[in-house]
There are 2 protein chains.
Amino acid sequence: MSLDQLRYFVAVAEEENVTRAARRLHVSQPPLSRRIRELEGELGAPLFTRTPRGVDLLPAGRALLEHARSILREVDRSVDVVRATAERDG
Amino acid sequence: MSLDQLRYFVAVAEEENVTRAARRLHVSQPPLSRRIRELEGELGAPLFTRTPRGVDLLPAGRALLEHARSILREVDRSVDVVRATAERDG
DNA sequence: CGGGCCAATACCTTCTCGGTATGGCGGCGG
DNA sequence: CCGCCGCCATACCGAGAAGGTATTGGCCCG
């Protein structure tokens, strides 16, 4: 599992549509579909159901969404903190 | 920034020595050195000072170490939670 | 039943990542 | 003071991951 995978997952979960998420992420749809399926493979559990309109989050997906957002927030915060610390302490 | 970079960083910070960290991570030393320097480049700040014995954490590095451990812990927890949720809810 | 929208697959290309070999530097013992 | 040892850094190469284009197959709706 990678941070990119989590970012991709969050976008798909929020858009409920792989194609729209791909546009938002500035990648094309097929690699995004693949990465999501790989993530499901790694976790050993499906995260979405596929519908005619796009995708719907499963319970496991909803659980991951919370964690993923939290992780990505902390990554961003870390960068800020490290830069501020470097600035302050030389 | 990637999760692997954070794992690498934590190992180097804990060992205070790139060569030992490389052994612990089962990778060779040169790629590990490179990945650490790339991380420093991305953050725009050095994380270690290089010493004759190995490396020493700078304040920015100490700040990152806390965050990195926390992030990696949450990643592990996420996997557990997702699997448990998938198990429970089908 | 035809057109549109969706995710999935096939195939190719590119670039990241790790490995091997080697260099350069500093400390330490003889 | 010189040679050895351990350290990190650099150069170069090969393998694998990740992205792009083209296309398919399924489903709904006119």
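We name chains A, B, ... by the order of the sequence lines, and we start the count at 1 in each one. Everything numeric in this text was worked out from a predicted model, so none of it was measured. Only this structure's heavy atoms are used, side chains among them; waters, hydrogens and symmetry mates stay out.
- When the P atom of C/dC17 is taken as reference, atom CG of B/Leu25 falls 15 Å away, rounded to whole Å.
- One interatomic measurement links the two molecules: CZ of A/Arg37 to C1' of C/dC6, which rounds to 13 Å at whole-angstrom precision.
- Counting to the nearest Å, the C1' atom of C/dC17 and the CZ atom of B/Arg7 are 15 Å from each other.
- Each of B/Arg62, B/Arg69, B/Arg7 was evaluated against B/Glu14; a single residue qualifies, B/Arg69, per the salt bridge (charged side-chain N to carboxylate O under 4.0 Å, His left out) test.
- A donor-acceptor distance shorter than 3.5 angstrom exists from the side chain of A/Arg83 to the backbone of B/Leu43, with no hydrogens or angles considered.
- Rounded to whole Å, the distance from CG on B/Leu39 to P on C/dC17 is 12 Å.
- Not one N or O on the side chain of A/Ser70 forms a donor-acceptor pair closer than 3.5 Å with the backbone of A/Glu66.
- Taking atom CZ of A/Arg23 as the reference point, atom C1' of C/dC6 lies 11 Å away to the nearest angstrom.
- The backbone N or O of A/Val55 sits nowhere less than 3.5 Å from a side-chain atom of A/Arg50 that would complete a donor-acceptor pair.
- Relative to the side chain of A/Arg20, the nucleotides D/dT10, C/dG27, C/dC6 differ in distance, and C/dC6 lies closest.
- Between B/Ser33 and D/dT10 there is no side-chain N or O to OP1 or OP2 distance below 4.0 Å.
- Computed from coordinates, the A/Asp56 CG to C/dA7 P distance equals 11 Å when rounded to whole Å.
- Atom-to-atom, CG of A/Leu47 to P of C/dA7 comes out at 15 Å; the value is rounded to the nearest Å.
- The side chain of B/Asn17 contributes an N or O atom lying less than 4.0 Å from OP1 or OP2 of D/dC8.
- Side chain of B/Glu42 to main chain of B/Met1: a donor-acceptor pair is present (N/O by atom type, distance under 3.5 Å, no hydrogens or angles).
- Close to C/dA7, at under 4.0 Å from its OP1 or OP2, lies a side-chain N or O of A/Thr19.
- At least one donor-acceptor pair closer than 3.5 Å links the side chain of A/Glu40 to the backbone N or O of A/Leu47.
- Of the possible polar contacts, one joining the B/Thr51 side chain to the B/Arg53 backbone as a donor-acceptor pair under 3.5 Å is found.
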Grab the N/O contacts between the protein and nucleotides 15-21 of chain D below 3.5 Å, and write none if there aren't any.
| residue | atom | partner | partner atom | Å |
| --- | --- | --- | --- | --- |
| D/dA18 | OP1 | A/Arg35 | NH1 | 3.2 |
| D/dA18 | OP2 | A/Arg35 | NH1 | 3.3 |
| D/dA18 | O5' | A/Arg35 | NH1 | 3.4 |
| D/dG19 | OP1 | A/Tyr8 | OH | 2.6 |
| D/dG19 | OP2 | A/Arg35 | NE | 3.3 |
| D/dG19 | N7 | A/Arg34 | NH1 | 3.4 |
| D/dG20 | OP2 | A/Ser28 | N | 2.8 |
| D/dG20 | OP2 | A/Ser28 | OG | 2.9 |
| D/dG20 | O6 | A/Arg34 | NH2 | 2.9 |

